[in-house]
Amino acid sequence: MLEKPSKVRSAALAGSAIGIVSGVPGLNLINCCCCAGIILGGMLGVYLYREEFREGMPPLESSDGLIVGLLAGIVGAFASTVMSLMILLMFGAVEVEFMRGIIERVLESLEEAGTLPGEVGNEIRRQLEQSLEEAATVTGVLGSLLINLIIYPIFGLLGGLLGYALFKPKPPLQYVPPATMG
């Protein structure tokens, strides 16, 4: 009996896809929906892994899906951080400016409606500026990587398990003759 294929290639490709989805501004909004980009990346890893199976190999198991999803999540955490850094270095804080604009519009509308006192809005602005400045530092990037190394593998595992449920080999159907009346 042949050995199962290596999980590394499938996990690396799926993790790269997770990194692209999570690191590109705008595209990373997919993860606002229950980390959907990471879950889909875990599922992609299992699909790619299943495609490497040949006749005579042991069947795909749920543990394979979990391992591929976990590895894809870990690779995705690093890839996302690298992608975010590259975009930050090439284009500046595009995402930060986008978020700043949205939050500023929300604060202005709340202040105009009278539901947010001016001093509270100013304090929120001050804290927002401070957190945005910290996010673009080495400490901020390493903190983000640390959080990603916790969250991405968890959702990658979930994606791997869902991928296994969707892509596992189906057992052959057995024909059962109808019972005859006697």
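Remark: Ile30 CD1 to Ile38 CD1 distance equals 11.0 Å, nearest 0.5 Å. We find the CD1-OG distance between Ile20 and Ser80 to be 10.5 Å, quoted to the nearest 0.5 Å. The CG atom of Leu85 lies 11.0 Å from the CE atom of Met90; values are rounded to the nearest 0.5 Å. Of the inter-residue distances, the one linking Met57 atom CE with Leu2 atom CG reads 5.5 Å to the nearest 0.5 angstrom. Atom CG of Leu60 is separated from atom CZ of Arg50 by 8.5 Å, given to the nearest 0.5 angstrom.
More than 12 heavy atoms of other shown residues, nucleotides or ligands fall within 6.0 angstrom of atom CZ in Phe167. Shown here is Arg125, whose CZ atom has more than 12 heavy atoms of other residues, nucleotides or ligands within 6.0 Å. Atom CD of Gln127 is surrounded by more than 12 heavy atoms from other residues, nucleotides or ligands within 6.0 Å.
The pair Arg126-Glu123 counts as a salt bridge, with a side-chain nitrogen and a carboxylate oxygen less than 4.0 angstrom apart. Using a cut-off of 4.0 Å between Lys/Arg side-chain N and Asp/Glu carboxylate O, Glu52 and Lys4 are scored as not salt-bridged.
Placement of Val141 and Ile151 in two distinct hydrophobic clusters is found when ILVMFWY residues are connected by side-chain heavy-atom separations under 4.5 Å, directly or transitively. The cluster map of Ile, Leu, Val, Met, Phe, Trp and Tyr, joined by side-chain heavy atoms under 4.5 Å apart, puts Leu166 and Leu13 in the same cluster. Note on Met83 and Leu89: separate hydrophobic clusters, where clusters join Ile, Leu, Val, Met, Phe, Trp and Tyr whose side-chain heavy atoms are under 4.5 Å apart, directly or indirectly. Hydrophobic clustering (ILVMFWY, side-chain heavy atoms < 4.5 Å, transitive): Phe91 and Leu29 are in distinct clusters. At a threshold of 4.5 Å between side-chain heavy atoms, the hydrophobic network of Ile, Leu, Val, Met, Phe, Trp and Tyr places Ile67 and Ile154 in two separate groups.
The minimum heavy-atom distance between Tyr152 and Gly73, with the atom names listed, is CB-O, 3.2 Å. When all heavy atoms of Glu111 and Gly121 are compared, the pair lying nearest together is OE2-CA, 3.5 Å. For the residue pair Gly37 and Val21, the shortest heavy atom distance occurs at CA-CG1, 4.0 Å. Of all the heavy atoms in Ala11 and Leu71, the pair that sits closest is CB-CB, 3.5 Å.
Residues forming a salt bridge (charged side-chain N to carboxylate O under 4.0 Å, His left out) with Arg54 (at least two apart in sequence, or on another chain): none.
Connectivity analysis of hydrophobic side chains (ILVMFWY, heavy atoms under 4.5 Å, direct or indirect) links Leu66 to Leu70, Ile74, Phe78, Leu145, Leu149, Leu157, Leu161.
Using modelled atom types, no side-chain atom of Ser144 and backbone atom of Gly140 make a donor-acceptor pair closer than 3.5 Å. Judged by distance alone, the side chain of Ser10 and the main-chain N or O of Lys7 form no donor-acceptor pair under 3.5 Å. For the pair Tyr49 (side chain) and Pro5 (backbone), a donor-acceptor distance under 3.5 Å is present. Counting only distance, with no hydrogens or angles, the side chain of Ser22 and the backbone of Gly19 share no donor-acceptor pair below 3.5 Å.
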Next item on the list: Using the side chain to side chain contact (heavy atoms under 4.5 Å, CB included) rule, take Val75 and Ile18 through it: C-alpha gap first, then chi angles, then the decisive distance, then the call.
Entry: CA-CA 8 Å; Val75 171; Ile18 290 171; over 6 Å; no
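Tyr164 places none of its side-chain heavy atoms less than 4.5 Å from the side chain of Asp64.
Screening Leu40, Leu48, Val46 for a side chain to side chain contact (heavy atoms under 4.5 Å, CB included) involving Leu44 leaves a single residue, Leu48.
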